[in-house]
Amino acid sequence: MKKKPAKAAAKAKAKPPAKLAPVAKSAKKPPARRSPDVAKADPALFDPLTPGEVADALRTLTEDRRVTAMAKVGRYRVICAEPLVVKPPHWMAGHRLARIVAYDYAADRAVDATVDLDAGVVAHLDVNTSQPMLSRDEEMLAIEIAMTDSRVSEKLHMGEAPQAMLHYWGRVPGDLSFARRSAAVVFGRADGHASIVAVVDLLDQAVTQVVPAELW
Amino acid sequence: MSNVIEEAGWKFHWRLTESAGIMVYLADYKGRRVLWEGSLPYITVDHQRETLDPKDDPGEIHGPWWVPLGTRTIQGPVRVQSFRGGVELSATFVAGPYQYTQLWRFHDDGRLSPWVTIYGPGVHDQHTYHPHFRFDFDLDGARDDAFERFEEGRWQRVDSEGWFPYSGEADEAGNVWRQVDFGSGASINIRPHQWDDAEVFAIRYHDGEWAPYSPRAGAGTQPFPAAYVGAEALDGEDVTLWYVAHVHFDQSFPYTAGPWIRIEGLAS
């Protein structure tokens with residue numbers, strides 16, 4: 001594959017500041033601390049959550065006092081519910097765990113919880129400013145908002161429809177999507193040709209940018 | 001279909017995730033634990049502008065975007081197929097103009113190929129893919145590991161977490177990074193694709209510390225996995241590796257990104 005200047009530029013943008021660890025010149029071997037228990041892990045703990053386990057985990061989470069405000073207001077979206085498996089010697093090793101990630105629109109925060117399904121408790125709760133992926137509901141909402149915006153509809157040609165919904169964030173602070181939960185809806189033809197990109201602010205439920213695909 | 005496969009000297013489990021493609025977990029080679037969990041958490045895409053004059057180039061005015069590879073984007077089933085000398089898993093994911101085929105190939109000589117083939121036109125030609133692979137190798141146990149990179153003509157130990165780009169140096173087999181188990185002396189050797197423009201983030205393992213649902217750590221902050229990098233010691237600990245490729249779209253697509261991984265020194 002040919003290398004292009006753009007590749008180097010993109011790479012430079014993508015890289016974090018160098019955080020190279022100091023390199024030891026001598027490969028000194030530390031004392032061994034064996035931990036063979038990972039070889040005895042139960043594969044069933046990795047199995048996808050059943051619908052009942054998902055419901056159980058969500059009930060447990062929304063009843064937790066720490067997220068009362070989120071549950072009471074109800075402006076949240078469940079992003080994902082997947083099994084989580086921790087290694088020994090962690091005290092939760094061997095427990096059936098569910099990791100629930102939700103987005104709390106009222107507080108503009110992500111909620112990342114680990115629910116111990118064996119014990120019926122929220123074992124870990126982290127509320128942070130990260131932006132998890134879009135839920136299916138949010139994808140559908142983004143399409144609906146974009147489709148009803150006149151700036152989008154007047155640019156669409158016959159046969160053009162939403163092709164993809166992507167989790168998007170702006171690169172510069174002046175861009176609304178830099179800090180706000182946003183989606184990009186790509187419109188185009190069924191043959192894969194993209195025509196328009198609409199950026200949707202999911203907090204205000206409004207289209208903030210309409211850009212011809214070739215200028216994106 | 002059973003999600004445990006025993007073939008070609010390997011025994012491993014797999015499942016389709018919501019966002020990180022096919023996850024392989026509890027993988028053993030010749031009866032010894034090699035991998036706790038491996039996946040493809042995200043492929044971000046960013047765009048450049050096509051201009052001949054640097055003065056007119058506004059740079060990247062738009063940020064990156066991504067779509068989860070998982071249950072909502074998979075096309076057809078996860079395929080399990082034997083090939084001469086091994087067995088592979090594959091699945092195709094489609095999101096409009098972006099198309100990916102994720103592969104996990106297990107060879108009977110101890111090689112492991114977690115790859116992704118990228119194709120589809122994108123919204124225009126000037127865009128770059130950044131596939132992020134995550135590997136939690138537990139070579140013969142979770143701890144007692146070290147991370148090394150090939151530099152200045154020899155393997156050198158890395159003391160603490162960090163970001164380690166491919167500098168162009170590699171051992172005679174093309175390996176650039178490796179994870180070594182003290183107890184057994186076995187190693188996981190990682191050889192990047194020549195055109196991947198690859199880098200590895202080596203991070204100390206913490207339970208639950210990964211971002212399965214986003215590369216976005218917060219406004220104005222480093223994305224994951226860079227956001228995980230601190231100053232924690234790696235020597236003798238449980239280490240997690242992220243392999244990140246940077247692949248610019250051009251007419252030579254489709255392109256298959258991802259490392260060659262070889263397990264060496266595991267006596268049966």
Side-chain angles (χ1 to χ4, degrees), chain A residues 1-2 4 6-7 9-11 13-14 16 18-25 27 29-30 32-36 38-39 41 43 46 48 79-80 82 84 86-87 90 101 114 124 129-133 136 163-164 166-171 173 177-179 184 186 188 192 194 197 213-214 216, chain B residues 4 13 15 17-19 25-26 33 36 46-48 60 62-63 65-68 72 95-98 120-121 123-124 126 128 130 138 141-144 151 156-163 182-183 195 197 207-208 211-214 216-219 222 226 229 235-236 246 248 250 252 255:
Chain A
M1 188 176 68
K2 300 188 295 286
K4 290 186 175 181
K7 179 175 183 178
K11 181 185 169 191
K13 293 278 184 185
K19 284 189 169 182
L20 284 178
V23 176
K25 296 299 179 187
K29 183 176 174 179
R33 285 184 295 159
R34 307 304 299 158
S35 53
V38 292
F46 289 83
I79 307 299
C80 217
E82 291 219 75
L84 179 71
V86 301
K87 299 178 186 178
H90 194 284
V101 174
T114 301
H124 178 77
T129 58
S130 70
Q131 287 283 348
M133 70 181 191
R136 289 174 194 255
Q163 287 185 326
L166 302 114
H167 179 204
Y168 171 72
W169 58 92
R171 191 176 296 282
S177 56
F178 178 75
V186 176
V197 177
E214 68 271 18
W216 182 259
Chain B
V4 57
H13 302 72
R15 72 177 174 91
T17 65
E18 282 286 323
S19 61
Y25 56 93
L26 303 183
R33 176 60 38 86
W36 175 264
D46 56 18
H47 297 79
Q48 299 81 45
E60 294 178 26
H62 296 113
W65 62 30
W66 75 293
V67 64
R72 74 181 78 167
Y98 302 104
V123 298
H124 59 66
Q126 298 302 317
T128 305
H130 307 280
D138 280 350
R143 287 188 172 178
D144 311 324
E151 190 181 45
Q156 300 202 38
R157 184 71 48 86
V158 173
D159 285 342
S160 58
E161 297 177 323
W163 163 63
F182 293 139
W195 298 113
D197 216 355
D207 285 308
Y213 312 128
S214 179
R216 179 70 159 153
Q222 292 282 2
V229 175
D235 219 14
H246 304 282
H248 186 71
D250 63 19
S252 66
Y255 178 86

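Heavy atoms only: backbone and side chains are in, while hydrogens, waters and symmetry mates are out. Residue numbering restarts at 1 for every chain, and letters A, B, ... go by the order of the sequence lines.
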Minimum heavy-atom separation for [X] to [Y], with atom names?
{"X": "Pro97(B)", "Y": "Gln163(A)", "result": "CD-OE1, 3.6 Å"}
{"X": "Met133(A)", "Y": "Ser214(B)", "result": "N-CB, 4.0 Å"}
{"X": "Ala219(B)", "Y": "Phe178(A)", "result": "CB-O, 3.5 Å"}
{"X": "Gly170(A)", "Y": "Arg216(B)", "result": "O-NH2, 4.4 Å"}
{"X": "Gly63(B)", "Y": "Tyr168(A)", "result": "N-OH, 3.1 Å"}
{"X": "Tyr213(B)", "Y": "Cys80(A)", "result": "CE2-SG, 3.3 Å"}

- Message: Test of understanding: with side chain to side chain donor-acceptor pair (under 3.5 Å), list the residues that count as partners of Gln131(A), not counting sequence neighbours.
- Response: Tyr103(A), Arg181(A)
- Sequence neighbours excluded, the answer for side chain to side chain donor-acceptor pair (under 3.5 Å) partners of Trp65(B) is Tyr98(B)
With chain B as the partner, which of [options] has the greatest number of non-hydrogen pairs under 4.5 Å?
{"options": "Ala164(A), Ala41(A), Pro43(A)", "result": "Pro43(A)"}
{"options": "Pro132(A), Gly188(A), Ala194(A)", "result": "Pro132(A)"}
{"options": "Lys87(A), Arg136(A), His124(A)", "result": "Lys87(A)"}

- Item | Part of Arg72(B) within contact of chain A (heavy atom distance under 4.5 Å) | both
- Heavy-atom contact with chain B under 4.5 Å, split by part of Val86(A):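 Both parts, heavy atoms under 4.5 Å.
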- Message: Using ring centroids (six-membered ring only for Trp), state whether His62(B) and Trp216(A) fall under 6.0 Å.
- Response: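 When the ring centroids of Trp216(A) and His62(B) are compared, they turn out to be within the sub-6.0 Å range.
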- Does Glu82(A) offer a backbone N or O that forms a donor-acceptor pair with the side chain of Glu18(B) under 3.5 Å?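 Answer holds: no.
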- Working to the nearest 0.5 Å, report the span between CH2 of Trp66(B) and CH2 of Trp169(A). 7.5 Å
